[in-house]
Each structure stands twice: as C-alpha cells, then as structure tokens.
Amino acid sequence: MADKGIDNDRIEGTGKQWTGGAKEKVGGFIGDEKMKREGEAEKGEGKLQNAWGGAKDSVREALGTDKDETR
C-alpha cells in the first residue's frame, strides 16, 4: 500500500525552518552575526522546501495519485 502522507520535502522543510529560526535567535542573543545570518538562510531554505513539497502534494491530490506513484 502506498503512502498518502505529506511529502518528505514538507517534513524536511519544516525541520529546517525550526532549526534555522533557533540558530537565528541564538545568534542574535549572543551577538554572533554569522550564526544569525546562517539561521536566516536556513529558515528561508526550509520555507522554499516546504512550499515545494506542498505543491507536489497538491498535484498528487489533484491527480488522485499516491506519493510513491509520482516519484
């Protein structure tokens, strides 16, 4: 049976958003601008990856296919 759950890019993207946000806040708190910028970049990358996964989920839903069928 195929997995009809959310796309892995959405899961990974959400994780990157969380870790990037944490890194951004810690960098700001301790005054480490490099860490803060890295966190901002990671958070942005996570948002894009999450959006990409969401788009793939929408296409799958519209086509009525399972996650494994569209790889």
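Computed over heavy atoms, backbone and side chain alike; hydrogens, waters and symmetry mates excluded. Sequence positions, counted from 1, serve as the residue numbers for this chain.
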Donor-acceptor contact present, side-chain D57 to main-chain D7, <3.5 Å: yes
Counting only pairs under 3.5 Å, give me each side-chain donor-acceptor contact of residues 24-37, with atom names and distances, residues two or more places apart or in other chains.
residue: E24; atom: OE1; partner: K43; partner atom: NZ; Å: 2.8
residue: D32; atom: OD1; partner: K34; partner atom: N; Å: 3.2
residue: D32; atom: OD1; partner: M35; partner atom: N; Å: 3.1

With a 3.5 Å cut-off and sequence neighbours excluded, list the donor-acceptor pairs that the side chains of residues 11-23 form with protein atoms.
residue: E12; atom: OE1; partner: Q49; partner atom: NE2; Å: 3.0
residue: T14; atom: OG1; partner: R10; partner atom: O; Å: 2.8
residue: T14; atom: OG1; partner: N50; partner atom: ND2; Å: 3.2
residue: K16; atom: NZ; partner: E45; partner atom: OE2; Å: 2.8
residue: K16; atom: NZ; partner: Q49; partner atom: OE1; Å: 3.0
residue: T19; atom: OG1; partner: G15; partner atom: O; Å: 3.1
residue: T19; atom: OG1; partner: K16; partner atom: O; Å: 3.3
residue: T19; atom: OG1; partner: E42; partner atom: OE2; Å: 2.6
residue: K23; atom: NZ; partner: E42; partner atom: OE1; Å: 3.3

Connected hydrophobic set around W52, excluding itself, where side chains approach under 4.5 Å: none
